[in-house]
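The sequence lines fix the lettering, A, B, ..., with proteins before strands; numbering per chain opens at 1.
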Amino acid sequence: MQEHYDPRAIETAAQTFWADTRAYEVTEDPSREKFYCLSMLPYPSGALHMGHVRNYTIGDVISRYQRMQGRNVLQPMGWDAFGLPAENAAIARGIPPAKWTRDNIDHMREQLQAMGFAIDWSREFATCDPSYYVHEQRMFVRLFEQGLVYRKNSVVNWDPVDQTVLANEQVVDGRGWRSGAPVKKREIPQWFLKITDYAQELLDELDRLQGWPEAVKTMQRNWIGRSEGLEIRFDVEGAHEPLSVFTTRPDTLMGVTFVSIAAEHPLAHAAARNNPAIAAFVEQCRHGGVSEAELETQEKRGIDTGLVAIHPVSGEKLPIWVANFVLMGYGTGAVMAVPAHDQRDWEFATKYRLPKKIVIADADTADALRALGERAAVAFDPMSVALGGIAPESGSDRVGLEDRLTAFARRIEQESAFTEHGMLVNSQDFSGLDFDGALTALAEKLEADGCGARTVHWRLRDWGVSRQRYWGCPIPIIHCDRCGAVPVPEEQLPVVLPEDVAFSGVQSPLKSDPQWRNTVCPECGEPAERETDTFDTFMESSWYYARYTSPGAETQVDARADYWLPVDQYIGGIEHAILHLLYFRFYHKLLRDAGLLHSREPATNLLCQGMVVAETFYRDSELGTRDSGKRDWINPSEVNVQRNERGHVIGATLKADGLPVWIGATEKMSKSKNNGVDPQTMIDKYGADTVRLFSMFAAPPEQSLEWNEAGVEGMARFLRRFWREVTTHVSQPDHPPVDPAALNAAQKTLRRQTHETIVKVGDDIGRRHAFNTAIAALMELLNHVSKFDDVSEQGRAVRHEALQAMVLLLNPFTPHASHALWQALGHPETLIEDQPWPKAEREALLRDRVTLAVQVNGKLRGTIELAPDASREEAEMQALSEPSVARAIAGQNVRKVIVVPGKIVNIVAGEGTA
RNA sequence: GCGAAAGUGGCGGAACUGGCAGACGCGCUGGAUUUAGGUUCCAGUGGGGCAACCCAUGCGGGUUCGAGUCCCGCCUUUCGCACCA
């Protein structure tokens with residue numbers, strides 16, 4: 001074998017072997033347990049980035065580990081090929097999006113292969129293949145026929161200069177990213193999928209997803225946002241239609257002092273018609289983008305419409321305000337405002353000097369009212385602290401009680417709303433009730449009066465799938481003047497996206513291509529037009545996992561899907577915690593309800609990996625004409641970092657000129673900060689195994705990973721040492737098998753360390769996904785092996801056992817090196833995943849002595865060594881006789897001794913006795 | 001604004017169920033080997049005192065024999081917010 005570790009040669013050899021033997025192509029085999037390991041498919045942006053490397057290495061480690069457990073492992077790969085960047089690239093370089101995308105795919109496939117991932121490439125596809133998206137179009141047509149698809153107006157970002165719809169990403173500080181023009185909201189008709197029909201199931205099944213991170217499930221629960229409450233109708237003076245609001249706090253109903261509506265609400269439009277000020281305000285609300293973050297962070301503003309709503313219980317007249325923070329897309333587009341008990345209403349009311357009416361008392365106020373007697377709680381009006389006519393039951397502390405009431409009222413008037421549940425006050429017949437009592441009583445009254453009902457409300461909105469873009473899957477609809485929107489008949493699918501187009505970026509080539517657009521209505525045969533919008537790319541990424549199981553199937557998936565699904569391990573970025581993962585779960589249920597699948601959920605275990613970050617370096621732009629704070633970002637590879645004699649970083653210089661550069665924050669790798677590290681450069685320099693090893697070692701998978709080239713060197717060093725250790729070992733004469741009875745103490749120790757490592761690495765990979773500590777354990781074992789210089793027969797036997805275990809345990813991380821070293825250890829060239837995972841022997845794990853820490857009053861004072869089966873009394877006695885312990889307790893009484901077997905002895909000493 | 005996470009040596013991180021804080025790696029210091037080396041090997045490395053010991057896991061409280069870990073309150077950073085993928 002090679003004496004020196006030469007990654008290039010061994011990686012090429014291993015990859016050739018895998019390709020020649022089609023090592024990772026799999027088929028369904030009901031006699032074997034399957035394992036479907038899936039990483040989120042990449043967007044083909046041009047080249048692999050470190051986020052991909054990390055994601056796919058995690059998947060590959062798990063796949064290879066599971067295969068070594070004897071499972072039938074499927075690890076597929078494909079391309080999320082539609083999307084906005086292809087259009088941007090097309091504009092910038094004049095290449096059609098399809099060509100740009102396919103060239104990128106070819107390049108990135110090679111890069112993935114160079115990383116040595118155990119992928120079944122026979123199942124590969126790109127989502128821009130008509131043979132893929134035809135099934136998506138068929139599904140859409142089916143859903144249309146089932147009534148799960150509908151069309152309605154919704155708001156988009158409109159660039160008035162470029163005359164185009166902008167994605168939220170393309171709106172920067174309220175302006176179009178290319179034109180720089182202020183963005184406006186615009187309503188256009190769009191297609192929606194009724195995901196809300198599945199809201200309850202999507203919520204309920206989260207409880208069953210034991211293998212998903214709690215954080216993701218919590219975020220999904222909050223996103224779905226089930227809330228129970230009342231829908232309450234307020235009559236509007238002079239209007240035919242009542243104004244509907246939803247509230248989860250019906251107990252505060254008697255504290256409503258006005259009603260807020262969204263600027264897009266029909267009543268707002270009505271009010272704007274005869275009032276220029278309102279019209280101007282509504283028009284102003286159209287400025288800016290549509291993202292929720294933008295809407296929620298803008299300054300709260302409003303205007304009185306002059307319209308009047310009638311309180312359904314008290315009959316009071318309430319002003320109706322247009323408020324820019326009420327969202328038309330959420331609920332009814334109107335909310336009842338209770339400034340005393342809702343913080344946002346409180347702020348709005350304070351700003352516009354609208355009244356606050358206290359109707360909920362905190363515990364202290366409720367106590368004070370009870371002390372003042374039954375009637376006080378009912379009649380108490382905290383705003384005026386009107387206690388006139390109420391005689392206190394015990395007169396002496398009346399003033400004190402009144403002070404407490406006043407303090408509560410003042411707090412709400414001046415500081416903030418009281419938003420907790422409490423006792424109802426100042427609420428007519430409902431005073432004195434608690435939240436639940438008020439909910440029941442009000443629901444009954446409003447239902448009886450026909451102006452309200454209990455209802456369940458969802459935060460989740462239906463999925464808008466229309467995009468006004470070219471590079472996407474065409475929505476299979478034909479618009480006919482007579483028949484309306486008609487789905488494209490099954491036999492005419494797919495509606496193929498023309499790929500050979502000139503793309504300017506201003507208008508979709510679909511709109512400007514009459515030949516493609518014009519067709520005939522499938523129902524009446526008259527001339528009609530195709531829908532020119534395309535699908536949201538989440539449509540493609542919501543079901544790709546199922547297609548991998550059924551390559552070439554005539555239908556969307558076939559019977560093979562039930563063998564492989566659900567996915568056993570899904571891996572991807574935490575940024576997908578809500579949207580993608582919710583659509584993914586939803587689509588699975590659509591496939592199930594179409595009878596194509598028979599499982600409830602698409603994936604049983606989910607791992608969300610953190611992002612890859614790196615240091616940033618910069619210089620201030622000299623001669624900058626505008627902002628003096630402008631920075632030129634410098635790639636980490638062009639910089640030398642200086643340290644002092646203690647290893648502290650004291651500065652950095654540019655390699656090119658030796659002059660200083662500034663050190664910025666450690667941030668996510670990005671083009672804008674120029675801190676990206678190219679995986680290809682790393683592979684060329686160190687080899688794929690080293691890159692894989694570092695990306696698994698530097699941080700646990702869920703955390704962010706800081707790319708640091710010195711750390712990569714460390715991994716290369718480890719592999720070189722390991723290589724050398726095996727090389728040296730195999731150059732020695734043959735040895736007999738390990739004879740446990742014949743081992744000396746040092747041999748026993750190394751053997752124990754080997755078997756402890758087997759236990760730890762298996763647990764770390766299989767159960768904990770703590771790849772970093774698995775690798776650390778293997779490094780420790782290598783340190784033990786290199787210190788073990790026993791060349792006797794049993795010494796060589798024990799070393800062989802250690803090295804052989806290491807080759808197998810390292811295989812998921814460094815499959816190329818393990819492939820070569822397995823042969824070096826005397827095995828023929830085989831697929832190492834067909835070797836069984838090493839098993840720890842119980843007897844090899846036994847210890848002669850165990851170490852216990854001894855504390856006095858919780859502070860470490862020494863350690864003691866004991867037989868593993870020593871009694872509590874022995875441990876206590878030995879601890880007390882330890883000199884450092886005796887010193888620490890001198891002059892004090894031992895009051896208590898706590899012994900935790902195998903771990904610790906804590907002596908509680910002090911004055912007094914036990 | 002709302003929702004979800006994370007804060008431990010000079011750095012990345014370890015400590016899994018409340019039980020010896022800092023495994024492993026990087027960096028740094030000293031030494032050895034080598035014609036040379038951005039090679040390899042050996043030793044040391046949280047801070048203070050340089051001894052006994054004291055201090056230390058974002059900040060402030062609390063529970064406990066014992067807290068990085070549990071509870072309460074703050075601060076900072078990151079992710080998501082429905083047209084980026």
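With P as the reference atom, G3(B) and C54(B) are 45 Å apart, rounded to whole Å. Across G66(B) and C11(B), the matching C1' atoms stand 31 Å from one another, rounded to whole Å. Nucleotides G38(B) and A14(B), compared at atom C1', are 29 Å apart to the nearest Å. Look at the P atom in both G68(B) and G19(B): the space between them is 10 Å, to the nearest Å. Comparing the C1' positions of A67(B) and G18(B) gives an interatomic distance of 7 Å, to the nearest angstrom. Distance check on atom C1': C59(B) versus G7(B) gives 11 Å, rounded to whole Å. Separating the P atom of G80(B) from that of C71(B) is a span of 27 Å, rounded to the nearest Å. Separation of the P atoms belonging to C81(B) and U17(B) is 32 Å when rounded to the nearest angstrom.
When each of M715(A) and E706(A) is assigned the nucleotide of RNA chain B with its nearest heavy atom, E706(A) is the one assigned upstream, toward the 5' end.
Separating the CG atom of N222(A) from the C1' atom of G1(B) is a distance of 15 Å, rounded to the nearest angstrom. For the pair L705(A) CG and G25(B) P, the interatomic distance rounds to 18 Å; values are reported in whole Å. When rounded to the nearest whole Å, the span between CZ of R643(A) and P of G27(B) equals 8 Å. Across the protein-nucleic acid pair, N772(A) atom CG and G22(B) atom P stand 18 Å apart, rounded to whole Å. Between E876(A) atom CD and G19(B) atom P the separation is 21 Å, expressed in whole Å. Separating the CD atom of Q753(A) from the P atom of A23(B) is a distance of 16 Å, rounded to the nearest angstrom. Going from atom CD of E214(A) over to atom C1' of A4(B) covers 12 Å, rounded to whole Å. Remark: P of C2(B) and CZ of F325(A) are 13 Å apart, rounded to the nearest angstrom.
T218(A) comes within 4.0 angstrom of sugar-phosphate atoms only, judged by non-hydrogen atoms across all strands, and of no base.
For E667(A), the side chain to side chain donor-acceptor pair (under 3.5 Å) partners at least two apart in sequence or on another chain are K673(A). Every residue was checked against the ring pair (Phe, Tyr, Trp, His ring centres under 6.0 Å) condition with Y43(A), not counting sequence neighbours, and none meets it. Qualifying side-chain contact (heavy atoms from CB on, under 4.5 Å) partners for D533(A), counting only residues two or more places apart in sequence or in other chains: S466(A), Q468(A), I475(A), K511(A), E531(A). For Y198(A), the ring pair (Phe, Tyr, Trp, His ring centres under 6.0 Å) test picks out F586(A), with sequence neighbours left out. Taking W463(A) as the reference, Y583(A) meet the ring pair (Phe, Tyr, Trp, His ring centres under 6.0 Å) condition, with sequence neighbours excluded. For the ring pair (Phe, Tyr, Trp, His ring centres under 6.0 Å) test, no residue two or more places apart in sequence or in another chain qualifies with W79(A).
Sorted by first and then second residue, the pairs that involve residues 767-777 of chain A and meet side chain to side chain donor-acceptor pair (under 3.5 Å), not counting sequence neighbours, are D763(A)-R767(A), D764(A)-R768(A), D764(A)-T773(A). Within the structure, every pair that satisfies the salt bridge (charged side-chain N to carboxylate O under 4.0 Å, His left out) test and touches residues 699-713 of chain A, not counting sequence neighbours, is listed here: K685(A)-E709(A).
Nucleotide G9(B) is shown with a syn base, its glycosidic torsion being within 90° of 0.
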Which is it for K217(A) and E214(A) under the salt bridge (charged side-chain N to carboxylate O under 4.0 Å, His left out) test, yes or no, and what are the steps along the way?
CA-CA 5 Å; K217(A) 289 191 281 185; E214(A) 276 310 317; 3.2 Å; yes
Could you walk me through whether K194(A) and D462(A) pass salt bridge (charged side-chain N to carboxylate O under 4.0 Å, His left out), step by step?
CA-CA 5 Å; K194(A) 282 195 189 169; D462(A) 278 332; over 6 Å; no
May I have the step-by-step check of salt bridge (charged side-chain N to carboxylate O under 4.0 Å, His left out) for E575(A) and K668(A), ending in yes or no?
CA-CA 13 Å; E575(A) 66 272 21; K668(A) 180 172 183 171; 5.2 Å; no
Pair F82(A)-Y133(A), ring-ring contact (aromatic ring centres under 6.0 Å, His included): steps then yes or no:
CA-CA 11 Å; F82(A) 280 134; Y133(A) 63 68; 5.8 Å; yes
Step by step, work out the ring-ring contact (aromatic ring centres under 6.0 Å, His included) result for F694(A) and W707(A).
CA-CA 9 Å; F694(A) 178 75; W707(A) 196 267; 4.9 Å; yes
Let me have a per-nucleotide readout for nucleotides 34-47 of chain B, 5' to 3', with B, S or -, counting only protein heavy atoms under 4.0 Å.
------SS-----S
At under 4.0 Å between heavy atoms, which parts of nucleotides 54-74 of chain B does protein reach? Answer with one letter per nucleotide, 5' to 3': B base, S sugar-phosphate only, - none.
SS---------BS--------
What is the per-nucleotide protein-contact pattern of nucleotides 78-85 of chain B, from the 5' end, where B denotes a base atom under 4.0 Å from a protein heavy atom, S denotes such proximity for sugar-phosphate atoms only, and - denotes neither?
SSSBBBSB
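Stem analysis of RNA chain B (at least three stacked-register Watson-Crick or G-U pairs, each with both distances under 3.5 Å) gives B:1-7 with B:75-81, B:10-12 with B:24-26, B:27-32 with B:40-45, B:46-48 with B:53-55, B:58-62 with B:70-74.
The side chain of T773(A) lies closest to A23(B) when the candidates are A23(B), G27(B), A4(B).
Environment of CG in D173(A): sparse, with no more than 12 heavy atoms of neighbouring residues, nucleotides or ligands closer than 6.0 Å.
Remark: the R861(A) side chain and the N906(A) side chain contain no N/O donor-acceptor pair separated by less than 3.5 Å.
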